[in-house]
Amino acid sequence: MRRDLCDGVGIARLLNATLVLPKFEVAAYWNESSGFADVFDVEYFIRQMNGFVKVVKELPSEIASKEPFRVDCSKRRGQFDYIESVLPSLLEHNYISITPAMSQRRDRYPLYAKAALCQACYSALRLTRSLKKKASELLEAIPKPFLSLHLRFEPDMVAYSRCEYSALSSASINAIEAARGDRKPWTGELARIWRKRGRCPLTPNETALILQALSIPTNTNIYLAAGDGLMELEGLTSVYTNVVTKSSLLTGEDFTSMHGNTKAALDYHVSINSDSYVATYFGNMDKMVAAMRALKGLYKTLFLSRRAFAEFTSQGFRGKDLMQALWKAHRDDYVLGRGSALPDCFCEFTL
């Protein structure tokens, strides 16, 4: 949602439009109803965007009762796509709602739009005072030094990947099946090709194996940046015994009643301030964290390679041979600490 908001700022600047503070459509994620003001400092955001994009809290009364004209931006690629295809709708209807642009080409934006987008991403989005206080308490409570690990092995993630796994517990299998819906898993040769392309999330056990291949000590303090519902977690905690979570460190009633959005914001804050950050996926949070850590000069950022793990195991690598192969696959990024997401970050040119 943070990425989509930043994209919305960039698009508003491209179209010379006013941005209305968005409403979070979070039901698809956590079945809740938190809003922008529950996570971000509204007044600060509006002030920081002054001169880049005009932001208003509410719609003008003359159009507030209207439903917005919905524009599909999922396949928009750059500046002229928006000017030629989206601007006419804005001029006609005065008020439009845009869908997230998953394949956005932000590098094709003119500099003034890049500047607005990057101002939103890296300067204007500040947590609310109460949430920042809670995040600081959490960061203080974590034993130092520590590694923040973003682990993605929830039922919906596995169901979305359409991958199958052997040796899972019956509880995990049932949870995955319940989340599949009409997404049937790949089978046979298609399943092997899909896995070798690195499309399958790493299990906690596989994650622990790669961390050991990188000679990360098993007594390392690890903060688990993850949502509820992680499966097979003992595959990690049986090897790495100093694992903590936000729920184990913040047990007050105010924490248990927090929205999923605000809990995710805690993970984000801890991850951009951790001594090192390791991700098992290459998702939106991972890219945002890596870019923010680079901006802060924190380069100990690493993405574990699902593709390398699948390739080596499919070739029959086991034991020491597998460990050595995994080390070689990660060596350059690990030694240099440069973070695999940095080529995707263009904001250094406009900040």
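These numbers come from the heavy atoms of this one structure, side chains and all, not from hydrogens, waters or symmetry mates. Worth saying up front: this structure is predicted, and the values here are computed from it rather than measured.
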Taking atom types as modelled and ignoring hydrogens, do the side chains of Arg293 and Ser274 form a donor-acceptor contact shorter than 3.5 angstrom? yes

N/O donor-acceptor pairs under 3.5 Å from side chains in residues 196-212, not counting sequence neighbours:
unit_1	atom_1	unit_2	atom_2	d
Thr203	OG1	Asn205	N	3.4
Thr203	OG1	Glu206	N	3.0
Glu206	OE1	Thr203	N	3.0
Thr207	OG1	Thr203	O	2.9

Atom [atom1] of [X] with >12 non-hydrogen neighbours under 6.0 angstrom:
X: Glu67; atom1: CD; answer: no
X: Glu140; atom1: CD; answer: no
X: Tyr112; atom1: OH; answer: yes
X: Asn16; atom1: CG; answer: no

Using the rule that two of Ile, Leu, Val, Met, Phe, Trp, Tyr join whenever any of their side-chain heavy atoms come within less than 4.5 Å, decide whether [X] and [Y] are in one cluster.
X: Leu214; Y: Tyr240; answer: yes
X: Trp327; Y: Phe309; answer: yes
X: Leu131; Y: Val270; answer: yes
X: Met285; Y: Tyr122; answer: yes
X: Val158; Y: Tyr281; answer: no

Run the side chain to side chain contact (heavy atoms under 4.5 Å, CB included) test on Leu149 and Leu236 for me, step by step, so that the C-alpha distance in whole Å, both residues' side-chain angles and the decisive distance to 0.1 Å come before the verdict. CA-CA 11 Å; Leu149 175 65; Leu236 173 72; 3.8 Å; yes

Shortest non-hydrogen contact from [X] to [Y]?
X: Ser238; Y: Glu234; value: OG-O, 2.7 Å
X: Leu138; Y: Leu266; value: CD2-CB, 4.0 Å
X: Leu249; Y: Ala141; value: CD2-O, 4.1 Å
X: Leu230; Y: Phe153; value: CD2-N, 3.6 Å
X: Phe146; Y: Ile142; value: CG-CG2, 3.5 Å

Do [X] and [Y] come close enough that some side-chain heavy atom pair is under 4.5 Å?
X: Leu127; Y: Tyr268; answer: no
X: Asp38; Y: Asn261; answer: no
X: Phe45; Y: Val9; answer: yes
X: Trp186; Y: Arg195; answer: no
X: Met49; Y: Leu19; answer: no
X: His150; Y: Tyr277; answer: yes
X: Cys6; Y: Leu125; answer: yes
X: Pro185; Y: Arg180; answer: yes

Check this for me: does any side-chain nitrogen of one of [X] and [Y] sit under 4.0 Å from a carboxylate oxygen of the other?
X: Lys144; Y: Asp275; result: no
X: Glu137; Y: Lys133; result: yes
X: Lys57; Y: Glu43; result: yes

Donor-acceptor under 3.5 Å ([X] side chain, [Y] main chain):
X: Ser248; Y: Val244; value: no
X: His269; Y: Lys132; value: no
X: Asn221; Y: Asn242; value: no

Applying side chain to side chain donor-acceptor pair (under 3.5 Å), can you list everything that pairs with Glu232, at least two apart in sequence or on another chain? Ser169, Ser172

For Leu21 and Val55, what are the C-alpha separation, side-chain angles and deciding distance, and is it a side chain to side chain contact (heavy atoms under 4.5 Å, CB included)? CA-CA 7 Å; Leu21 280 183; Val55 180; 3.9 Å; yes

Anything under 30° is parallel, anything over 60° is perpendicular, the rest tilted; go ahead and classify Phe312 against Phe317.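 If you compare the ring of Phe312 with that of Phe317, the planes turn out tilted.
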
Lys NZ or Arg CZ of Arg13 over Phe52 ring: under 6.0 Å, within 45°: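 The answer is no; the distance or angle limit is not met.
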
I'd like to know whether Arg183 forms a side chain to side chain contact (heavy atoms under 4.5 Å, CB included) with Tyr160, so could you lay out the CA-CA distance, the side-chain angles of the two residues, the decisive distance to 0.1 Å, and finally the verdict. CA-CA 7 Å; Arg183 296 190 185 94; Tyr160 180 79; 3.7 Å; yes

